[in-house]
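Every chain is numbered from 1, with letters handed out A, B, ... down the list of sequences.
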Number of protein chains: 2
Amino acid sequence: MKTDTVYKQAFNAMLDLVSGVPIETPLPSENELSAALSVSRTTVRKVLGELVSRGYLRQEGRQRIVARLIPPDAHFANTETISASEQVETRFMEWMLRGDTRPGQQINELDLARQFGVGTTGIREFLNRFRRFGLIEKRPNAGWRFKGFTVDYAMELFEIRELFELRSAAVFAELDPTDPVWRELANLEAQHRTLLASIDERFQDFSDLDNRFHRFINAVLPNRFIEDFYEIISFIFHYHYQWNKQDERQRNEVAIAEHLAYIEALKSRDRRAIELACRRHLASAKQTLLNSTRLR
Amino acid sequence: MKTDTVYKQAFNAMLDLVSGVPIETPLPSENELSAALSVSRTTVRKVLGELVSRGYLRQEGRQRIVARLIPPDAHFANTETISASEQVETRFMEWMLRGDTRPGQQINELDLARQFGVGTTGIREFLNRFRRFGLIEKRPNAGWRFKGFTVDYAMELFEIRELFELRSAAVFAELDPTDPVWRELANLEAQHRTLLASIDERFQDFSDLDNRFHRFINAVLPNRFIEDFYEIISFIFHYHYQWNKQDERQRNEVAIAEHLAYIEALKSRDRRAIELACRRHLASAKQTLLNSTRLR
DNA sequence: TAGTTGCTTGTTATCGATAAAAAGCCGACA
DNA sequence: TGTCGGCTTTTTATCGATAACAAGCAACTA
């Protein structure tokens with residue numbers, strides 16, 4: 001059976017939406033709500049039905065009116081809104097990166113399924129999707145093997161990353177000055193400066209900005225394989241940032257400075273300068289990952 | 001329930017092995033057979049049991065003796081030795097590349113499952129693995145969409161291919177003349193010349209040689225992500241070769257000539273010459289794929 | 001004593017069923 | 001006439017069961 005996490009998430013989002021609206025206001029149409037919450041109208045109706053039956057909303061003809069304030073404890077708990085497959089991802093990454101997994105270790109589907117409280121199918125599906133990250137390996141009829149989050153892994157990952165990003169960065173040198181890309185770059189530069197100004201409080205916001213910045217560079221010449229690869233980078237860094245908090249503020253401040261130098265180089269449209277700034281920043285990012293204590 | 005294709009394949013392989021041995025010869029140990037057929041001893045024993053019960057073998061103490069000639073019709077039919085997941089792969093590629101699938105088309109799991117005679121799980125698993133080829137796309141809770149085997153696809157594929165292969169080919173210029181790689185390269189060159197000499201009869205063997213040649217080049221500096229990407233190339237070309245037989249002999253003869261020029265360039269260890277030969281061959285390979293009638 | 005076989009236990013591949021969610025249909029209303 | 005909402009149909013996510021296969025154990029033989 002499917003989990004009803006889509007419903008529960010939509011329910012919570014709808015509560016937020018309704019809370020933001022004064023009492024006695026009529027709600028938008030089901031189609032609009034469906035678009036706003038990114039779920040099907042079927043799910044919207046299920047949520048609305050529940051809200052009406054709880055008396056938060058009142059049905060008047062075709063309209064639904066906000067009847068009273070939403071109690072603060074009406075939301076579903078966050079743990080209930082996580083689908084089985086998301087659950088598997090988080091738990092698996094934790095198992096792999098924080099547990100005592102060793103390179104070469106056998107991965108047991110049934111065992112993980114029980115540990116994570118899901119069916120074996122969910123594990124299999126995750127492992128199949130996860131294979132492309134290059135950390136596990138399959139032997140047909142005989143299960144999966146963990147290859148290890150090793151130094152080699154980080155080196156291979158960054159070799160490709162550099163190959164791709166140098167190719168994209170080089171394109172900037174050829175771009176027409178009227179290209180809308182420059183506006184977007186200026187925009188990103190401003191965001192970097194703003195973040196740098198309040199780095200002490202907001203250093204945790206860098207992870208997201210970093211992600212957007214590199215995706216932006218690689219998007220000048222769109223290629224689905226590069227985009228796919230960048231998902232690997234994002235994923236690895238997501239968990240890296242989450243679990244390696246050491247010197248985080250310091251690290252991010254350095255990275256922002258490198259980004260700004262990189263942006264200057266891009267704006268100069270000087271091939272040499274671009275290549276240098278790109279290499280320099282990626283080398284430092286690689287070092288950060290290599291320093292990660294979990295890497296052995 | 002699992003299919004018993006492993007058993008059936010092992011059975012056929014064992015028949016071939018037994019046929020190659022004179023009557024009254026004792027068979028090797030179960031462990032040796034297991035290694036020879038790349039299946040577990042459990043499966044070996046199941047096969048041997050059947051062969052004994054059919055009277056092809058005779059148990060004498062601990063030894064199993066070849067008792068009589070294997071009838072030519074003893075093998076399982078090839079169709080019986082294809083596991084569900086292999087079945088799905090072949091049928092899906094046929095459905096996608098030869099049917100009337102259109103870019104943007106919805107892919108229906110249950111429908112395909114029925115069409116291919118497998119459970120829905122098998123289809124899901126295949127689609128998840130197939131996603132990395134960049135030809136399909138998933139919308140959560142709402143199925144898969146076929147993106148189309150388009151010109152853009154071929155362009156993006158070859159852009160990466162060129163990026164990777166130029167990087168590997170460039171390494172050859174730096175290699176020490178005593179490196180074992182040169183021996184291997186000479187070996188491959190000889191295979192090309194042999195094939196060229198009898199191109200009229202053996203032009204179909206090129207596909208395999210092509211695959212080995214490019215994998216060899218990319219292996220000078222091993223990187224799991226490049227190897228993974230090369231699987232995509234191999235896969236696409238596998239089906240391309242299988243279904244586009246037009247001018248095959250002619251095409252392959254040209255490609256061999258390009259390979260030989262490429263090999264010359266590598267041996268010269270001249271950066272410029274290597275880059276030129278590599279680009280030239282890949283451009284022509286791209287053109288071959290683009291000319292494929294199924295590309296729209 | 002190392003390698004063998006018979007037997008037992010652990011693990012994967014595959015199916016079918018079912019509730020959740022999406023998508024389609026159609027009359028009604030504004 | 002186009003959007004809306006009630007209802008029906010289609011499709012996906014997830015589970016648990018089961019036979020096939022792999023791997024481990026222990027007694028045996030050469």
Could you pull out all residues at least two apart from [X] that satisfy side-chain contact (heavy atoms from CB on, under 4.5 Å)?
{"X": "A:Asp4", "value": "A:Tyr7, A:Lys8"}
{"X": "A:Pro140", "value": "none"}
{"X": "A:Thr25", "value": "A:Val21, A:Pro22"}
{"X": "B:Pro28", "value": "B:Glu32, B:Leu33"}

Next item on the list: Output every pair passing side chain to side chain donor-acceptor pair (under 3.5 Å) with a member in residues 63-73 of chain A, not counting sequence neighbours, ordered by first then second residue.
Entry: A:Glu30-A:Arg64

Check: Do any pairs count as a salt bridge (charged side-chain N to carboxylate O under 4.0 Å, His left out) and have a residue in residues 104-120 of chain B, sequence neighbours left out, and if so which ones?
Finding: B:Glu109-B:Arg124

Checklist line | salt bridge (charged side-chain N to carboxylate O under 4.0 Å, His left out) contacts touching residues 16-29 of chain A (sequence neighbours left out) | finding: A:Glu24-A:Arg58

What is the nucleic acid contact for [X], judged by heavy atoms within less than 4.0 Å: base, sugar-phosphate only, or nothing?
{"X": "B:Gly122", "result": "nothing"}
{"X": "A:Ile107", "result": "sugar-phosphate"}
{"X": "B:Thr121", "result": "base"}

Check: Who pairs with B:Tyr239 by ring-ring contact (aromatic ring centres under 6.0 Å, His included), at least two apart in sequence or on another chain?
Finding: B:Phe235, B:Trp243

Next item on the list: Go through the structure and list residues passing ring-ring contact (aromatic ring centres under 6.0 Å, His included) with B:Phe92, not counting sequence neighbours.
Entry: B:Trp95, B:Phe126, B:Phe130

Notebook entry, point to check: Of all of residues 16-38 of chain B, which get a heavy atom below 4.0 angstrom from DNA chain C, listed by number?
Noted result: B:Ser29, B:Glu30, B:Asn31, B:Glu32

Item checked: Residues within residues 125-139 of chain A bordering DNA chain C, heavy-atom distance below 4.0 Å -> A:Lys138

Next item on the list: Just compare C:dT5, C:dT12, D:dC15 and give me whichever is closest to any side-chain atom of B:Arg64.
Entry: C:dT5

Next item on the list: Nearest 0.5 Å please: distance from the NE2 atom of B:His240 over to the CG atom of B:Leu97.
Entry: 11.0 Å

Margin query: Can you build the contact string for nucleotides 24-30 of chain C? Use B for base contact, S for sugar-phosphate-only contact, and - for no protein heavy atom under 4.0 Å.
Written below: BB---S-

Note to self: OP1 or OP2 of D:dA13 versus the side-chain N and O atoms of A:Thr3: is any pair under 4.0 Å?
What the structure shows: no

